[in-house]
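Heads up: the structure comes next, in structure tokens.
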Amino acid sequence: MSSAKSGYFISFEGLDGAGKSTHIESFRHLMQDRFPDMDVMVTREPGGTPLGEQLRKLLLEAPMNLETEALLMFAARREHIAQVIEPAMDAGKIVISDRFADASFAYQGGGRGLSVEKLNDLERWVQGRADGTLLQPNLTILFDLPGEVAESRRSQVRAPDKFEKMDLDFFERVRQAYLRRARANSNRFHLVDATHTTEAIWNGLKQIQINF
Ligand code: TYD
């Protein structure tokens, strides 16, 4: 596995309905304007490759055992890293991913109750590099808001997928797991108060410093 050091890797995270999708394309343009000599690309998880998109369809529609779900999330992630993220990083690109491994800790871990030990094992297996380090985003932008607010926003805009049908307690556990991840990795996490207006959130995103 390559060391993937030359590019810059940004992930967007948060509850369904937190508003990350509203901002991700604009953020790509912002990065492109700020770093005109670098390619900036947006990708997503689960997905980002032809196989990953097939797995996404299964993951978002089919009921399945929790371990199966976690293994498929990480299988899609492995393919995404090998086919997309590492080659892009090696080519010096800025990669923006709509979700990455923190989502597994939040949804499969916090939400559905998979142990952190199992998630750590999967993370080591899938994101581990030859030098013993893990591939992690350089920056993770977490759109944080109460489960209740996220639910009311979702119900106004779309039909729910498998995860979006979960109850409020599920989303509260997901939120708390995200916040635990953010506290434990404060060097790469940037917290956004997603209860604010779209305009206020965007103004905040524009202030984020990118340090290569
Ligand atoms: P999302 O990326 O938010 O797509 P959309 O905006 O089209 O709904 O949704 C993907 C869903 O997959 C979301 O509910 C969170 C879930 N998910 C996990 O449970 N674990 C993971 O590791 C990832 C990446 C996503």
Side-chain angles (χ1 to χ4, degrees), residues 9-28 42-49 51-81 84-85 95-116 118-127 134-137 140-145 147 149-178 180-181 185 192 194 198:
F9 181 21
I10 303 170
S11 61
F12 273 47
E13 297 282 1
L15 299 187
D16 306 83
K20 64 186 170 48
S21 308
T22 308
H23 293 286
I24 204 160
E25 255 318 297
S26 319
F27 195 76
R28 181 174 79 78
V42 172
T43 183
R44 70 170 178 181
E45 289 204 355
T49 65
L51 177 63
E53 290 296 326
Q54 286 187 313
L55 291 172
R56 177 186 177 92
K57 203 167 152 38
L58 284 171
L59 281 159
L60 267 50
E61 287 171 12
M64 60 185 75
N65 169 274
L66 172 55
E67 270 78 5
T68 312
E69 185 175 286
L71 287 163
L72 290 181
M73 287 289 180
F74 275 94
R77 181 160 304 128
R78 182 67 210 121
E79 199 65 13
H80 193 208
I81 291 170
V84 176
I85 299 176
V95 180
I96 305 173
S97 187
D98 191 342
R99 301 191 186 281
F100 190 64
D102 298 308
S104 299
F105 283 81
Y107 281 79
Q108 281 65 53
R112 293 200 62 192
L114 191 69
S115 74
V116 173
K118 283 185 179 170
L119 287 160
N120 284 338
D121 283 348
L122 288 171
E123 189 180 45
R124 231 182 341 266
W125 200 23
V126 166
Q127 294 152 247
L134 293 178
L135 171 71
Q136 293 289 15
T140 296
I141 302 177
L142 174 58
F143 289 72
D144 176 57
L145 84 178
V149 183
E151 187 177 54
S152 98
R153 285 194 190 162
R154 282 197 307 275
S155 64
Q156 290 163 23
V157 290
R158 58 183 181 234
D161 63 33
K162 187 181 92 184
F163 291 100
E164 292 169 352
K165 284 189 188 127
M166 302 299 280
D167 63 18
L168 202 51
D169 283 354
F170 174 86
F171 282 103
E172 275 307 329
R173 291 196 303 276
V174 173
R175 180 192 190 195
Q176 294 309 322
Y178 264 134
R180 278 197 297 280
R181 274 304 265 183
N185 299 274
V192 170
T198 304

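Counting convention: from 1, in listed order, for ligands and their atoms alike.
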Phe9 vs Phe100 aromatic rings, parallel, tilted or perpendicular, using cut-offs 30° and 60°? perpendicular

Smallest separation among heavy atoms of Ala76 and Gly52, with atom names: CB-CA, 4.2 Å

Would you kindly specify which portion of Pro46 sits under 4.0 Å from ligand 1, judged on non-hydrogen atoms: side chain, backbone, both or neither? both

So is Met73 close enough to ligand 1, meaning a heavy atom under 4.0 angstrom away? yes

Is there a heavy atom of Lys162 sitting under 4.0 angstrom from any atom of ligand 1? no

Identity and distance of the protein heavy atom lying nearest atom 13 (C) of ligand 1: Asp16 OD2, 3.2 Å

Pick one of side chain, backbone, both or neither for how Glu164 approaches ligand 1, counting any non-hydrogen atom pair under 4.0 Å. side chain

Which one holds for Leu59 and ligand 1: side chain close, backbone close, both close, or neither close, with close meaning a heavy atom under 4.0 Å? neither

Does Ser104, backbone or side chain, put an N or O under 3.5 Å from an N or O of ligand 1? yes

Tell me: protein heavy atom nearest atom 10 (C) of ligand 1, and distance? Arg99 NE, 3.9 Å

I need the contact type for Gln108 against ligand 1. Using non-hydrogen atoms and a strict under-4.0 Å cut-off, is it side chain, backbone, both or neither? side chain

Could you check whether any side-chain N or O of Arg44 sits under 3.5 Å from a backbone N or O of Asp98, counting only pairs where one atom can act as donor and the other as acceptor? no

